[in-house]
2 protein chains.
Amino acid sequence: MGLMTELEKGPTGRRRGRGARERILSASQQLFREQGINRTGMDQLCVAAQVSKRTAYQHFAGKDELVAEYLRRFDPSVLPGVFDRTDLTPRERLLAAFDIPPATPLCPYIGAAVELHDPQHPASQYARDYKKAVAARLADTAREAGAVDPEQLGEQLALLLDGAAARTRVLNADAFPTAAAIAAVLIDNAIPATAGD
Amino acid sequence: MGLMTELEKGPTGRRRGRGARERILSASQQLFREQGINRTGMDQLCVAAQVSKRTAYQHFAGKDELVAEYLRRFDPSVLPGVFDRTDLTPRERLLAAFDIPPATPLCPYIGAAVELHDPQHPASQYARDYKKAVAARLADTAREAGAVDPEQLGEQLALLLDGAAARTRVLNADAFPTAAAIAAVLIDNAIPATAGD
DNA sequence: CGTTATGTAAACAGGTCTGTGTTCTTAAGC
DNA sequence: GCTTAAGAACACAGACCTGTTTACATAACG
């Protein structure tokens with residue numbers, strides 16, 4: 001009976017259902033990425049999300065909370081499509097982390113941390129948590145691959161990812177192949193020839 | 001007779017000499033670093049520089065030009081105290097690039113590129129030039145050290161520097177030791193045992 | 001002494017930002 | 001059909017930002 005999901009909009013352009021929050025977050029992902037956080041005003045964002053400002057501020061206490069939520073929704077499962085690939089060996093999974101689609105302009109976590117410029121900001125804190133989670137996941141996979149010091153290798157590979165992201169942004173040129181080449185050297189050095197696969 | 005350098009200020013608090021421009025740039029270095037570029041207004045900056053806004057806008061066409069000049073004045077000789085150290089072997093010089101004072105919070109070039117968010121901005125263009133210059137200097141030193149592929153090694157080490165800077169910023173923890181460890185591995189791999197020193 | 005830069009001080013213009021209040025409209029559910 | 005809650009539309013407040021303008025002061029130099 002109930003079954004009212006996706007009823008979207010009425011004849012006058014009215015939008016109901018629970019779409020407002022999702023539309024706001026979706027517009028945030030696009031605009032924050034394209035223009036940056038500070039250069040995207042709430043007005044513009046609400047227009048893009050087809051939501052009134054009043055509604056936006058009923059869903060989010062303020063822009064700060066929205067930014068934090070934007071980051072949180074960004075990658076809820078930490079590098080999906082990399083660590084989940086059971087068809088790859090652990091070693092291949094470590095390298096797969098550097099095969100990112102070229103459409104990705106910049107790691108949003110670094111962007112947020114730099115733009116907000118306040119380590120205490122909720123979004124900055126989440127960016128920290130996320131980066132630690134990535135390093136931990138890499139370390140787990142490194143352990144699985146038989147690395148001598150998986151924590152160290154995980155931290156090293158995480159640094160390579162961040163370096164590639166930052167350098168890609170500054171130079172406007174894809175730096176991930178370089179990072180992948182370094183990763184290959186580190187992985188070969190850290191994993192005994194007889195281990196893993 | 002002339003000899004009027006450093007006459008600084010008159011009895012009424014008036015400041016003359018050619019200090020205004022330098023004071024503005026000096027205040028920029030401090031404030032842009034502490035608060036970021038976008039969060040530092042020209043008003044605040046002029047107060048800190050003890051300069052009227054009128055004067056500031058006579059020296060710089062606008063904030064954009066000031067930001068570009070701020071970056072340009074930052075490190076005119078590209079990593080001073082690293083490439084100049086003739087007391088070190090080329091190999092040691094490559095590693096010395098990772099021994100940065102812990103007081104340095106973040107590479108201002110990355111910060112500017114992210115904050116300004118416009119690759120066409122003069123400051124973004126200079127940041128690109130600077131990063132390329134660093135990589136070239138590293139490549140030169142790598143060649144001097146006898147590396148097999150000095151261009152590649154230079155690019156790799158530059159990526160490590162940027163990775164350490166970005167990661168230090170996001171995590172609020174010094175990532176340069178990790179980068180130095182990776183650098184040591186790369187250098188050892190790229191330089192034949194018999195070359196250099 | 002008079003002229004001329006150079007600078008201060010402070011108001012102002014026009015814009016954008018976050019966030020709120022106010023009124024009207026309409027869908028959902030009984 | 002009636003009630004209720006969610007949202008649209010829109011003006012507005014208050015702050016801050018970049019950049020300009022006006023009026024005044026003083027140091028250097030002839």
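Each chain gets a letter, A, B and so on, in the order its sequence line appears, and its residues count up from 1. In this text, all values refer to a predicted model and were calculated from it rather than measured experimentally.
In this structure, CG of A:Leu45 is placed 15 Å from C1' of C:dT16, rounded to the nearest angstrom. Distance, B:Met42 CE to C:dG15 C1': 17 Å, rounded to whole Å. At whole-Å resolution of the value, CG in B:Asn38 and P in D:dC17 are 11 Å apart. Summarising the geometry, the separation between CD on A:Gln44 and C1' on C:dT18 is reported as 14 Å, rounded to the nearest angstrom. The separation between A:Arg39 atom CZ and C:dC17 atom P is 10 Å, rounded to whole Å. Atom CD in A:Gln50 sits roughly 17 Å away from atom C1' in D:dA6 (whole-Å rounding). Straight-line distance from the CZ atom of A:Arg23 to the P atom of D:dA6: 15 Å, rounded to whole Å. Per the geometry, CG belonging to A:Leu31 stands 12 Å off P belonging to C:dC17, to the nearest Å.
For the pair B:Asn38 (side chain) and B:Glu115 (backbone), a donor-acceptor distance under 3.5 Å is present.
Where A:Asp43 and A:Val51 meet DNA chain D, the nucleotide closest to each residue was compared, and A:Val51 sits on the side nearer the 5' end.
Side-chain atoms of B:Leu161 and B:Leu157, non-hydrogen and from C-beta on, never get closer than 4.5 Å to each other.
Between B:Arg143 and B:Asp140, at least one side-chain N (NZ, or NE/NH1/NH2) sits under 4.0 Å from a carboxylate O, which counts as a salt bridge.
Relative to the ring axis of B:Phe60, B:Arg21 places its NZ or CZ within 45° and under 6.0 Å from the centre.
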Acceptor/donor pairs from residues 169-188 of chain A side chains to any protein atom, 3.5 angstrom cut, sequence neighbours excluded:
from: A:Arg169; atom 1: NH2; to: B:His117; atom 2: NE2; distance (Å): 3.3
from: A:Asp174; atom 1: OD1; to: A:Phe176; atom 2: N; distance (Å): 3.0
from: A:Asp188; atom 1: OD1; to: A:Arg91; atom 2: NH1; distance (Å): 2.4

Side-chain donor-acceptor contacts of residues 63-71 of chain A below 3.5 Å, not counting sequence neighbours, with atom names and distances?
from: A:Lys63; atom 1: NZ; to: A:Ile37; atom 2: O; distance (Å): 3.0
from: A:Lys63; atom 1: NZ; to: A:Thr40; atom 2: O; distance (Å): 2.8
from: A:Asp64; atom 1: OD1; to: A:His121; atom 2: NE2; distance (Å): 3.1
from: A:Glu69; atom 1: OE1; to: A:Arg72; atom 2: NH1; distance (Å): 2.8
from: A:Glu69; atom 1: OE2; to: A:Arg73; atom 2: NE; distance (Å): 3.2

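Residues from residues 52-66 of chain A placing a heavy atom under 4.0 Å of any atom in DNA chain C, listed by number, are A:Lys53, A:Arg54, A:Tyr57, A:Gly62, A:Lys63.
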